[in-house]
Structures are given as structure tokens and as C-alpha cells.
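Please read the structure below before turning to the comments.
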There are 2 protein chains.
Amino acid sequence: MNLPIGELARRTGVKVPTIRFYEQIGLIAAPPRTEGNQRRYGKAEIDRLNFIRHARELGFEVDHIRELLVMSQEPQASCHQADSIAKSHLREVDRRIERLQALRGELSRMIDECGHGRICDCRIIEVLADHRQCVSEHVA
Amino acid sequence: MNLPIGELARRTGVKVPTIRFYEQIGLIAAPPRTEGNQRRYGKAEIDRLNFIRHARELGFEVDHIRELLVMSQEPQASCHQADSIAKSHLREVDRRIERLQALRGELSRMIDECGHGRICDCRIIEVLADHRQCVSEHVA
DNA sequence: CCTTGATCCTCTAGTGGCTAGAGATTCTAG
DNA sequence: CTAGAATCTCTAGCCACTAGAGGATCAAGG
């Protein structure tokens, strides 16, 4: 082992500046250095960074990842807390999906109704300029 | 008219500091001031801010809003550009929805498989620690 | 006229999660 | 021994705001 930061980056898919940033915010520990002050990492850091990357890919916030990391170090503890973090994150994702879908609907309706003519007849501009019209149609 | 900034905020649903911020980034013009240096707004600003708010609610970026605002001032121009901005935004929203739904699937599978026991048996932690397992199941 | 309290002003700094770049040093292969 | 790749620290920037300090101004009531 004893990997330089670039090699750690290659093996985990986390970019070099991001690794340094994670160290700065305390998400990973400061590793030992060479005489010339360069960071050298071991196997544990690969695992930890992979964990972090997977969690980020799933959209967990850094603070939640912090908690999940602590938990993963305590194998005998109850996983109730992990479950609740994941569940609340799932609810958040559901909310975002719902919101985006509503938005998608409005957007695509707007685009469909655009006659591709002049601005003064354009539904896109019109809807933006006067949302009430859009909403009332929506309700009606 | 001649509204103070708080009244403009109330009528448009855009917060006071946000209005000042929009002025700073040139999204709205600097309005006239009272002798005591306070901003006073007219009807045009209400319309413009409403336009901006609607567009932001639909997730358009500020730079796109800038373009849409310019277009809305040129009623005789073709709305081709507005259409293309809206369409590319729609594609972006679609991408986000897709991504979130894939993510949602992984999250909820992870949660379902959590046995609510100890960390060492927890799928949530396990999946995060070793994504390959998850992916291979996914594929299989 | 004067006070009070709400609103307004400017300015700086913080949010989250990085990313970019300058300018200097260190490592490693040939 | 040298060249060039990789590393170091540090600052600043991204997006779209939001928060707060510390002070000025406005409108209404006494």
C-alpha cells in the first residue's frame, strides 16, 4: 500500500482535490506524510472513500455520511439509526421526484402549446409572464 | 405605485434580500431612490419580478431567465429561442427525474433488505461499504 | 414637533460540495 | 542528474441565495 493521493483517487473515483477537501472537513483523517510532505494512504482509506462515494452517489448529505461512517465502525450497535437516515433520505428523494414531475408537466404543456411563431403569441413567455393563467387552466 | 422594497416583496413573493441580490447581478434594473436613499418601484418591476419568480419556480437558471427576459421585450421576434431554451430545460428535468428514480430504487431496496438488527448485518451499511455487491445483484 | 418602531440601507460572510488555478516543491524513471 | 509528472498550500470561484451587524429613514400617533 502506501498510495499517493493520485493513486487513491484512481482507485476510488474520487478526484484529488476532493480527497483533500474531505480531509479538510474531517470526513477522512489526515494520513501520514512522506519526508517531502506528501500524503500516503493505506487500504482503510480506500474503503472509507468508497463508502463516501457510494453514499454521495445515492445523494446522502455529508453530515449524514458522517453519521453513517460512525455507525459502520460500530458493528454491534443497532442499525435503527442507519435505517432512519436512509428512510428520511428516501422521503426527500420522493419529494424531489414529485416536484420535478409536476414541473415537467408544466414545462411540456408550455412547450406543446408554443406555436413556434412570434414572441407575442408564445405560450412559453406568456406562461412565465402570467402564471395565474397557467394555474387556472391547470385547476379547471 | 412608488412601492418600497418590502411591498414589492409582498406582492411578488420574492424576498427583500433576493430583490437586492437580483439588482446586484443585473437581473433587474436599479430603481429610483427617495431622498433618504430608499428604493422605490413601479408596476414594471412587479411584472418583471413575477416573471423571474415563475421561471425560477420552473427551475430555469438565471442566465436562461436573462435571455427569456430579453425575448419577452421583443414581441415581434421569433420564439424559436425561447422554445429551444425550454426544451433543453425539459430534457435536463427528464434526466434528473430518471436519475432520482434509479436512486430511489436502490435506496428503497436497501431499506427493505435491512433486517433492523445490528450494524454488522445491515444492508444499508453493507451496500454503502461495497457497492459492487449491490450492482451485481442489480444486473443479475 | 417628537418619538417610536417598523422598515430600509450597505457590507461582509456563510451555505453545500466541490472545482480551478497560481506558484512552488517533490517524486520517479531513464 | 534531469525532465516531467505529480504533489503541495493557498486563495478564489461556482450557484442562488440567506443571515446578521450596525446604522439610517420612514410613517403614524401623541
Residue B/I5, side-chain atoms from C-beta onward, closest of C/dT10, D/dC17, C/dC8: C/dC8

Would you say [X] reaches [N]'s phosphate, i.e. side-chain N/O to OP1/OP2 under 4.0 Å?
{"X": "A/Y22", "N": "C/dC18", "answer": "yes"}
{"X": "B/R39", "N": "C/dC9", "answer": "yes"}
{"X": "A/T18", "N": "C/dG17", "answer": "no"}

Touch class at under 4.0 angstrom, heavy-atom based, for A/R33 against every strand present: sugar-phosphate

Touch class at under 4.0 angstrom, heavy-atom based, for B/R20 against every strand present: base

B/H64 atom NE2, neighbour heavy-atom count above 12 within 6.0 Å: yes

May I have the distance from [X] (atom [atom1]) to [N] (atom [atom2]), rounded to whole angstrom?
{"X": "A/Q38", "N": "D/dT9", "atom1": "CD", "atom2": "C1'", "value": "12 Å"}
{"X": "A/F60", "N": "C/dC18", "atom1": "CZ", "atom2": "P", "value": "15 Å"}
{"X": "A/I25", "N": "C/dG17", "atom1": "CD1", "atom2": "P", "value": "8 Å"}
{"X": "A/I65", "N": "C/dC18", "atom1": "CD1", "atom2": "C1'", "value": "13 Å"}
{"X": "B/E23", "N": "D/dA16", "atom1": "CD", "atom2": "P", "value": "18 Å"}
{"X": "A/Y41", "N": "D/dA6", "atom1": "OH", "atom2": "P", "value": "16 Å"}
{"X": "B/N37", "N": "D/dG22", "atom1": "CG", "atom2": "C1'", "value": "16 Å"}
{"X": "A/Q24", "N": "D/dC8", "atom1": "CD", "atom2": "P", "value": "13 Å"}

Ion pair A/R48/A/E45, N-O distance below 4.0 Å: no

Trace of the salt bridge (Lys or Arg N to Asp or Glu O under 4.0 Å) decision for B/E92 with B/R95: CA-CA 5 Å; B/E92 175 58 32; B/R95 269 195 298 276; 2.8 Å; yes

Upstream residue (5' side of DNA chain D) when B/K15 and B/T34 are each assigned their closest nucleotide: B/K15

Which residue lies more 5' along DNA chain D, comparing B/R56 with B/R40 via nearest heavy atoms: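 Nearest-nucleotide comparison on DNA chain D picks B/R56.
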
Full working for side chain to side chain contact (heavy atoms under 4.5 Å, CB included) between B/Y41 and B/L49: CA-CA 11 Å; B/Y41 296 94; B/L49 263 188; over 6 Å; no

Heavy-atom side-chain contact between A/V70 and A/E67 under 4.5 Å: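 No - every pair of side-chain heavy atoms lies 4.5 Å or more apart.
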
5'-most by nearest nucleotide on DNA chain C - A/E35 or A/F21: A/F21

